[in-house]
Amino acid sequence: MAIKDIQQEILKLKKENDICILAHCYQSPEILEVADYTGDSFGLAVEASKVGNKTVIMCGVRFMAETVKILSPEKTVILSNADAGCPMAEMMDKDVISEVKKQYPDYTVVAYINTTSELKTVCDVCVTSSSALKICQKLDSDKILFIPDRNLGSWIAEKLPEKEFKLLSGGCPTHAKIGKEAVLKAKEMHPDALFLVHPECVREVVELADYVGSTTGIMDYARKSDAKEFIIGTENSIVTHLQLECPDKMFYPLSKNLICSNMKATTLVDVLNCCKGCGGEVIELDEETRLGAKRCIDKMIELG
Ligand code: 13P
Ligand code: SF4
């Protein structure tokens, strides 16, 4: 079966079975082409909560499917590939953070959206990479325990010197493994290119950027910019998507190693199987966990 035949079958089945397909922008182009919505993790969950379909397939990683379920408990939410987890989201659990909180009782716990639903139940507010700065700024508290991403946390802490931050040593293994040498090499090869980076990268990399932002932030910046060349410091699928969308511009990966194997776990056949009702994993959250995690997300919406 050719890729376009599989895509046709998916489009037919999703209509027949009242399915909405969400694809995170780190997914491959053939998956994005069959999706109803594409974008960043939080944007997708918000879109899903507005649609009337009874089933939602999330092509991304587990915490993203959980976020969809938190906001849309009445829908059947399917994670397209049951093995697709985010190592950063699974790095810290509820029990560990509950213990850490005892050491910092007067700190507000700010959780990056890349956390499990269970962990969110013991946190005060969620943030995304695009809303983190604004939300930390708006919080009444000037003492913040930021989890789990040390790199994102230290980037924000630097921008808010009036607040005290405690950071733990979590982070994204894909973004954090890229060092300054990769930036210097890419800049040497493409001296006229602007360097756009995700704040999950290490500080010495972020310091060299022309723009720092979330996946959608990076894409919007590149679309609107008058510049013609860009080095992209986030998952390499963004290089492909931008190149397809803006053929008059040039996009270069910061490193060939910026590939998230979890985001790449989902295939078009996985999506087809989910549409047939024989693939993926149906996300179930008990009501106590869902409501505990939702409190954290509602606070983000209120402040953001
Ligand atoms: P976004 O929230 O920007 O979609 O990022 C999710 C992610 O996993 C980044 O590595
Ligand atoms: Fe998680 Fe990093 Fe993959 Fe994003 S890129 S899903 S943070 S492992």
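Remember, predicted model here, so these are calculated numbers, not experimental data. Counting starts at 1 for both ligands and their atoms, in listed order.
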Backbone, side chain, both or neither: what part of [X] comes under 4.0 angstrom of ligand 1, heavy atoms only?
X: His198; result: side chain
X: Ser41; result: both
X: His24; result: side chain
X: Met88; result: neither
X: Thr128; result: neither
X: Thr174; result: neither

For [atom], what's the nearest protein heavy atom and its distance?
atom: atom 6 (S) of ligand 2; value: Cys86 SG, 3.8 Å
atom: atom 4 (Fe) of ligand 2; value: Tyr26 CE1, 3.9 Å
atom: atom 10 (O) of ligand 1; value: Glu200 OE1, 2.9 Å
atom: atom 7 (S) of ligand 2; value: Asn114 ND2, 3.2 Å
atom: atom 8 (O) of ligand 1; value: Asn114 ND2, 3.2 Å
atom: atom 8 (S) of ligand 2; value: Pro87 CD, 3.4 Å
atom: atom 2 (Fe) of ligand 2; value: Cys172 SG, 2.3 Å
atom: atom 3 (O) of ligand 1; value: Thr215 OG1, 2.9 Å

_Contact partition for Glu200 relative to ligand 2, non-hydrogen atoms under 4.0 Å_ =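 Side chain only.
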*Relative to the ring of Phe251, is the ring of Phe230 parallel (under 30°), tilted (30 to 60°) or perpendicular (over 60°)?*
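Rings of Phe230 and Phe251: parallel, under 30°.
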*Is Cys260 close enough to atom 1 (Fe) of ligand 2 to have an N, O or S atom under 2.8 Å?*
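No, outside the cut-off.
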*Give a yes or no on whether a salt bridge exists between Asp248 and Lys228, defined as a side-chain N under 4.0 angstrom from a carboxylate O.*
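A salt bridge links Asp248 with Lys228.
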*Can a salt bridge be assigned to the pair Lys249 and Glu229 using a cut-off of 4.0 Å between side-chain N and carboxylate O?*
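No.
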_Exercise: do Ser80 and Thr266 side chains pair donor with acceptor under 3.5 Å_ =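 Checked: Ser80/Thr266 side chains pair up, N/O donor to acceptor below 3.5 Å.
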*Spell out, as yes or no, whether a donor-acceptor pair under 3.5 Å connects the side chain of Asn151 to the backbone of Glu200.*
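The answer is yes, because a donor-acceptor pair under 3.5 Å joins these two groups.
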*For the pair Ser237 (side chain) and Tyr26 (backbone), establish whether a donor and an acceptor sit closer than 3.5 Å, ignoring hydrogens and angles.*
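Side chain of Ser237 to backbone of Tyr26: a pair is present.
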*Geometric N/O contact Tyr26 with ligand 1, under 3.5 angstrom*: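 Yes, Tyr26 has an N/O under 3.5 Å of an N/O on ligand 1.
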*Give the minimum heavy-atom separation between Asn114 and Pro148, together with the two atoms involved.*
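Closest approach of Asn114 to Pro148: O-CG, 3.8 Å.
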*State if Cys86 counts as touching ligand 1 under the rule of any non-hydrogen atom under 4.0 Å.*
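Per 4.0 Å heavy-atom rule, Cys86 does not contact ligand 1.
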*Contact check, Glu235 vs ligand 1, heavy-atom distance below 4.0 Å*: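 Heavy atoms of Glu235 never come under 4.0 Å of ligand 1.
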*Go through Lys14 and Asp36 one step at a time and tell me if the salt bridge (Lys or Arg N to Asp or Glu O under 4.0 Å) criterion holds.*
CA-CA 10 Å; Lys14 78 171 180 176; Asp36 297 282; 3.1 Å; yes
_Per-atom contacts, ligand 2 versus Met88 - under 4.0 Å to a heavy atom_ =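 Listed by number with element: 7 (S).
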*Examine ligand 2 and decide if any of its atoms is less than 4.0 Å from a heavy atom belonging to Asn262.*
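Under 4.0 Å: no for Asn262.
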